[in-house]
Trainee: 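The structure follows.
In the text below, chain A, chain B and the rest are named by the order of the sequence lines, each starting its count at 1. Heavy-atom basis, side chains included; hydrogens, waters and symmetry copies ignored. Here the structure is a predicted model, which means the values were calculated and not measured.
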Amino acid sequence: MQSIGLSAKDLTVSYGDHAAVKRVSLDFSAKQVTALIGPSGCGKSTFLRSLNRMNDLIPNCTVTGEIWIRDQNINSPSTDVVSLRQKIGMVWQRPNPFHKSIYENIAFGPRYHGTKNKKKLDEIVEQSLRKAALWEETKDRLHNSALALSGGQQQRLCIARSIAVKPDIILMDEPASALDPVSTSKIEELISELKQDYCIVIVTHNMHQAARVSEKTAFFLNGEVVEYDDTPKIFTNPQRPETNDYITGRFG
Amino acid sequence: MSAKTADKIATAVIVGVAAFIVLVLAGLLGFILYRGVGHISFHFLTSAPETIRKGGGIGPQLFNSVFLLVLTMIITIPIGLGAGIYMSEYAPANKITSGIRLIVEVLSSVPSIVVGLFGLLVIVNLFGFGFSLFSGALALTVFNLPLMVRITEQGLKGVPREQKEASLALGLSKWKTITSVMLPIAMPVILTGTILAAGRVFGEAAALLFTAGMSSPRLDFTNWNPLSPFSPLNPFRPAETLAVHIWKINSEGLAPDAAQIAAGASAVLVITVLVFNFAARWLGRYMYRKFTAIK
Amino acid sequence: MAQSLERQKAKPHIAEEWVGKVYTLLCIAFLITTIVSIVYFVASKGLSTFFVNHVSLTNLVTGLKWSPDGQPPVFGALPFIFGSFSTSILAAVIAAPLSFCAAVFMIEIAPKFGRRYLQPVIELLAGIPSVVYGFVGLSVIVPFFRDVFPGQGVGIAAGALVLSVMILPTITTIATDALAALPKGLKEGSYALGSTRWQTIYRIVLPTTLPALMTGIVLGIARAFGEALAVQMVIGNAPHIPHSLFESASTLTSAITLSMGNTAMGSVANNALWSLALILMFMTFVFVFIVRWLEGRKKL
């Protein structure tokens with residue numbers, strides 16, 4: 001069986017009458033990073049948030065079309081959203097650790113999903129923090145508040161938190177845009193590490209970042225995908241004039 | 001008159017009024033404490049009232065007030081939290097929900113005396129709980145619930161959306177997200193509001209006249225069997241609270257020192273409310289600092 | 001692989017969600033049942049005066065004499081209705097300008113000092129129990145009026161004065177919120193044209209915030225209208241329309257408070273008191289309705 005991916009078919013997302021994403025079809029391969037780029041308001045974040053049904057929370061927001069993970073349509077009304085979201089992790093623009101200790105931030109999810117054994121939880125916490133390259137910095141203060149960490153550390157903690165529940169896919173919504181350059185490069189390194197295990201979809205405003213971390217890039221404009229191809233190709237030899245205009249900085 | 005003069009006069013008037021309001025409160029508190037504090041003693045706080053002789057205390061009333069407050073909060077908090085959570089997290093944005101909102105608004109403006117009458121008719125007579133602490137607590141619950149709902153809703157609305165989303169994205173159920181992630185963050189607001197609401201409950205009298213009753217049996221403070229009619233712990237005995245006592249001795253007090261007792265009891269009541277107020281303020285600030293200062 | 005998703009469907013979170021939903025729904029249902037039964041019981045009791053005891057509604061609302069023990073008993077509640085309206089409206093007349101000044105002080109003149117000192121003071125005023133207000137009214141205001149004006153000191157003036165202090169926080173809070181919510185540009189535009197602060201307040205701030213101020217005043221009147229014990233303690237409780245503000249009078253709430261315990265359930269006299277409660281509740285609806293209407297206008 002082929003490694004797990006995610007594919008959207010004819011996905012349309014509307015707020016009231018306004019369609020923010022229009023009939024988008026995209027396939028995401030496993031063990032790869034896919035970057036979604038495009039100017040503000042082009043629908044890339046809205047699209048990302050549909051992939052784990054986060055848009056359910058927004059009143060007035062309707063999503064039509066299909067999103068397939070293995071043989072299951074995420075968008076079908078019978079989907080168990082709670083179980084689904086465990087398989088699809090998410091990282092936000094601004095770090096949002098829970099108002100709990102570092103340890104609890106990580107252990108919270110696994111404990112809920114059935115791991116009650118203290119030793120097992122300790123293990124998961126250590127592994128997740130190691131994977132997020134945060135273990136060395138935090139191992140002596142695991143029970144301090146997560147809010148005492150720096151912004152970059154908090155963001156890595158959020159990544160560790162989502163890894164801890166063993167997802168297949170991680171969605172990242174501009175994960176480095178609120179961070180300083182040093183933290184940003186740490187996050188980028190981390191993303192490159194993580195793609196060995198996960199299917200990662202990242203929304204970014206920073207085209208250098210997209211070029212550095214991703215294998216594939218999709219360019220969004222006005223709610224539609226203008227171009228979707230291998231990242232080097234998009235950045236060196238785009239097929240569409242709009243893509244070219246955007247990556248050369250002519251608008252957006 | 002020039003515009004500048006008018007401006008000066010108006011400013012002076014407004015500042016004067018502000019000062020006047022502060023003075024009114026200072027006078028009010030000063031008067032109550034000045035008249036009452038002298039009368040407060042250990043004996044006054046612990047002994048039973050006298051009907052026609054001097055030297056009665058407010059012991060049972062004070063105990064009743066505290067007991068009633070505890071009972072009321074035990075009933076109010078779970079229901080108020082639940083209803084508040086429903087309004088903030090579950091209620092769909094439709095006509096029914098706005099209808100419920102209207103109902104909560106109406107309930108919060110029903111005069112407390114009407115709530116008391118309702119208690120008399122339904123809780124005391126129809127359900128047969130009689131004049132009792134329990135009836136009083138139910139009536140106060142009705143009176144207090146809308147406030148509790150509003151406080152909970154306010155607290156939950158203040159939780160950043162990212163916190164809720166982070167929890168849901170980990171595959172936690174909505175209910176678990178609410179109880180383990182959102183409620184702890186909303187806690188400072190909810191706790192502060194609840195303490196202020198408790199102060200209101202402590203001083204309420206009109207809703208209690210016809211539910212908890214206007215008299216207390218001779219309580220035996222050595223009898224801790226909650227089923228005995230003379231035990232202070234029995235929730236099904238009549239109980240006159242401090243606020244009701246103040247009202248009663250002012251309108252029909254026969255003891256020669258009724259005025260002093262009223263003053264002393266008022267002082268106790270006001271001091272308690274002040275304590276609630278400051279506790280709420282302090283706790284709110286403390287928790288706020290605890291949550292934000294670590295950054 | 002597909003199996004693993006299937007397996008997770010059996011997880012306990014489905015039951016958990018269900019528990020949460022049902023629990024909160026029960027709580028809100030309790031709230032709704034309560035208000036519905038309050039309305040139902042008060043209405044059925046209050047209306048039985050007319051339908052069971054055949055007292056005429058016009059007589060009750062316009063009658064001047066209240067004598068439940070008379071032969072035959074007479075139930076004219078106009079003195080109470082008059083008392084309730086006059087005390088609460090008078091209280092609002094006293095409290096509204098003070099509240100407006102307090103709000104202007106807190107927002108426009110001295111925000112720091114206002115937020116730090118005046119606001120807690122006003123919140124404290126809101127927290128003081130009504131019996132304490134009644135007690136202070138009885139021991140300060142009533143004796144003072146007795147010395148200065150003819151009469152016993154009790155009456156509508158004393159009631160209104162006590163109520164005005166009690167509703168001051170309600171009106172002030174709403175007025176303060178309204179002033180604080182005013183767009184900054186609005187005031188700055190006026191200042192830029194060379195207006196003084198008072199001109200700005202008078203010409204710009206007051207007119208724009210008027211609906212909100214009215215909301216505050218109506219809420220204040222509603223609170224005063226329903227207040228029972230504080231008023232009962234200082235108004236004198238004579239069941240007639242007084243000739244002066246310093247003559248003993250009664251309100252709906254004071255009449256209920258005093259007589260409810262002395263009448264037998266189901267008697268005409270008792271039912272008549274329930275009719276008074278019904279009037280109180282009806283007025284609550286009216287006040288809520290007016291507030292809603294004013295809030296609707298504010299949005300326009």
Side-chain angles (χ1 to χ4, degrees), chain B residues 3-4 6-7 10-11 13-15 17-18 21-22 24-25 28 31-32 79 82-83 85-87 90 100 103-107 109-114 117-118 121-122 125 142 145 149 173-176 178 196 199-200 203-206 209-210 243 246-247 250-251 262 266 269-270 273 277, chain C residues 13 16-17 19-21 23-28 30-32 34-35 37-38 41-42 45 98 101-102 104-105 109 117-118 121-125 127-132 134-136 138 140 165 168 196-199 222 226 228-229 233 253 256-257 260-261 265 277 280-281 284-285 287-288:
Chain B
K4 277 222 169 109
D7 185 52
T11 307
V13 168
I14 290 170
V15 172
V17 166
I21 292 174
V22 176
V24 166
L25 179 87
L28 204 67
F31 174 79
I32 296 163
I79 301 178
I85 291 173
Y86 178 83
M87 292 310 284
Y90 287 99
I100 296 176
I103 282 178
V104 175
E105 198 179 325
V106 168
L107 187 58
S109 12
V110 170
S112 59
I113 184 85
V114 175
L117 290 186
F118 167 74
L121 190 63
V122 175
N125 291 336
V142 172
L145 260 183
V149 172
S173 66
K174 186 170 179 178
W175 181 243
K176 182 75 179 174
I178 293 166
L196 289 176
R200 217 169 72 120
E204 174 56 32
L209 295 181
F210 308 118
I246 294 172
W247 175 75
N250 267 312
S251 45
S266 296
L269 205 56
V270 166
V273 169
N277 240 292
Chain C
H13 71 252
E16 193 180 81
E17 291 289 45
V19 167
K21 221 168 189 168
Y23 168 63
T24 56
L25 210 69
L26 279 178
C27 292
I28 202 79
F30 176 82
L31 210 79
I32 295 168
T34 307
I35 184 74
S37 45
I38 289 181
F41 281 106
V42 173
K45 274 289 203 179
L98 296 181
C101 289
V104 170
F105 180 81
I109 295 187
Y117 297 99
L118 194 56
V121 160
I122 285 168
E123 280 167 18
L124 268 182
L125 279 178
I128 293 178
S130 64
V131 284
V132 173
F135 167 68
V136 174
L138 201 57
V140 179
V165 184
L168 190 79
T196 62
R197 179 157 62 195
W198 175 242
Q199 283 172 328
L229 302 188
M233 287 161 89
T253 51
I256 297 172
T257 311
M260 189 52 93
M265 266 290 174
L280 270 178
M281 207 171 60
T284 305
F285 292 152
F287 289 132
V288 170

Trainee: Could you look at Leu98(C) and say if it's the side chain, the backbone, both or neither that has a heavy atom under 4.5 Å from chain B?
Mentor: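 Both parts, heavy atoms under 4.5 Å.
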Trainee: Does the side chain of Leu145(B) come within less than 4.5 Å of Phe30(C)'s, by heavy atoms?
Mentor: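 Heavy-atom side-chain distance check passes, below 4.5 Å.
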Trainee: Under a 4.5 Å cutoff for heavy-atom pairs, which residue among Leu124(C), Val42(C), Val165(C) has the most contacts with chain B?
Mentor: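 Between Leu124(C), Val42(C), Val165(C), the count favours Leu124(C).
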Trainee: Quick one: does Thr24(C)'s side chain get under 4.5 Å of Trp175(B)'s, heavy atoms only?
Mentor: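 Sidechains of Trp175(B) and Thr24(C): in contact.
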Trainee: Using every non-hydrogen atom in the two residues, find where Ala262(B) and Phe135(C) come nearest and quote the distance to one decimal.
Mentor: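 Ala262(B) and Phe135(C) have their closest heavy atoms at CB-CE1, 3.6 Å.
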Trainee: In chain order, what residues pass the ring-ring contact (aromatic ring centres under 6.0 Å, His included) check against Tyr117(C), with sequence neighbours excluded?
Mentor: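 Here the qualifying residues are Phe113(C).
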Trainee: Once you round to the nearest 0.5 Å, how far does CG of Leu229(C) lie from CD of Glu204(B)?
Mentor: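 Spacing of CG (Leu229(C)) from CD (Glu204(B)) equals 7.5 Å.
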Trainee: Between chain C and each of Val17(B), Leu196(B), Leu121(B), count heavy-atom pairs under 4.5 Å; write down the option with the most.
Mentor: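 Of the options given, most contacts go to Leu121(B).
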Trainee: To the nearest 0.5 Å, how far apart are OH in Tyr23(C) and OH in Tyr90(B)?
Mentor: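 Interatomic distance, Tyr23(C) OH to Tyr90(B) OH, rounded to 0.5 Å: 11.5 Å.
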Trainee: Does some side-chain heavy atom of Leu125(C) sit less than 4.5 Å from a side-chain heavy atom of Leu28(B)?
Mentor: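 When only atoms from C-beta onward are counted, Leu125(C) and Leu28(B) do touch, with a gap below 4.5 Å.
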Trainee: Only one of Ile103(B), Ile100(B), Ile79(B) forms a side chain to side chain contact (heavy atoms under 4.5 Å, CB included) with Ile28(C), so which one is it?
Mentor: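 Single side chain to side chain contact (heavy atoms under 4.5 Å, CB included) partner of Ile28(C) among Ile103(B), Ile100(B), Ile79(B): Ile100(B).
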Trainee: At a heavy-atom separation under 4.5 Å, does Leu26(C) approach chain B through its side chain, its backbone, both, or neither?
Mentor: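 It is neither, since no heavy atom gets under 4.5 Å.
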Trainee: Leu117(B) and Ala277(C): which non-hydrogen atoms are nearest, and at how many Å?
Mentor: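 Smallest interatomic distance, heavy atoms only, reads CD1-CB, 3.5 Å.
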Trainee: Can you say whether Ala222(C) sits under 4.5 Å from chain B via the side chain, the backbone, both, or neither, judging by heavy atoms?
Mentor: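 Contact with chain B: none, neither part.
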Trainee: Is there side-chain contact between Leu107(B) and Ile38(C), with heavy atoms separated by less than 4.5 Å?
Mentor: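 Leu107(B) vs Ile38(C): side chains touch.
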Trainee: The test is side chain to side chain contact (heavy atoms under 4.5 Å, CB included); show your working for Ile21(B) and Phe105(C) and say whether it passes.
Mentor: CA-CA 11 Å; Ile21(B) 292 174; Phe105(C) 180 81; over 6 Å; no
Trainee: Give, as side chain, backbone, both or neither, the part of Lys21(C) having an atom under 4.5 angstrom from any heavy atom of chain B.
Mentor: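 Backbone plus side chain of Lys21(C), per the 4.5 Å heavy-atom cut-off to chain B.
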Trainee: Given the rule in the side chain to side chain contact (heavy atoms under 4.5 Å, CB included) test, do Ile113(B) and Thr257(C) qualify, once you have shown the distances and angles that lead to the verdict?
Mentor: CA-CA 8 Å; Ile113(B) 184 85; Thr257(C) 311; 3.6 Å; yes
Trainee: Any side-chain heavy atom of Val132(C) sitting closer than 4.5 Å to one from Val273(B)?
Mentor: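 Sidechains of Val273(B) and Val132(C): no contact.
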Trainee: Would you mind telling me which of Ser130(C), Pro129(C), Gly134(C) has the largest number of heavy-atom pairs within less than 4.5 Å of chain B?
Mentor: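 It is Pro129(C).
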Trainee: If I measure from the heavy atoms of chain B, does Leu25(C) come under 4.5 Å with its side chain, its backbone, both, or neither?
Mentor: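 For Leu25(C), heavy atoms of backbone and side chain both lie under 4.5 Å from chain B.
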Trainee: Need one label for Val110(B): side chain, backbone, both or neither, based on atoms under 4.5 Å from any heavy atom in chain C.
Mentor: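 Both parts, backbone and side chain.
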Trainee: For Glu17(C) and Lys174(B), which heavy atoms make the closest approach, and how far apart are they?
Mentor: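 The answer is OE2-N, 2.8 Å.
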Trainee: What heavy-atom pair brings Met281(C) and Val114(B) nearest, and what distance separates the two atoms?
Mentor: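 Smallest heavy-atom distance, with atoms named: SD-CG1, 4.4 Å.
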Trainee: Name the option with the most non-hydrogen atom pairs under 4.5 Å to chain C; the candidates are Val22(B), Ile85(B), Ile246(B), Val106(B).
Mentor: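 Of Val22(B), Ile85(B), Ile246(B), Val106(B), Val106(B) has the most heavy-atom pairs under 4.5 Å with chain C.
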Trainee: Please report the shortest heavy-atom distance between Gly261(C) and Phe210(B), naming the atom on each side.
Mentor: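 It is N-CE2, 3.9 Å.
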Trainee: Which heavy-atom pair separates Cys101(C) from Ile14(B) by the least distance, and what is that distance?
Mentor: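 Answer, listing the atom of Cys101(C) first, then Ile14(B): O-CG2, 3.3 Å.
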Trainee: If you apply the rule side chain to side chain contact (heavy atoms under 4.5 Å, CB included), what do you find for Ile128(C) with Leu25(B), and how did you get there?
Mentor: CA-CA 10 Å; Ile128(C) 293 178; Leu25(B) 179 87; 4.2 Å; yes
Trainee: At a heavy-atom separation under 4.5 Å, does Val15(B) approach chain C through its side chain, its backbone, both, or neither?
Mentor: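 It is both, since atoms from each part get that close.
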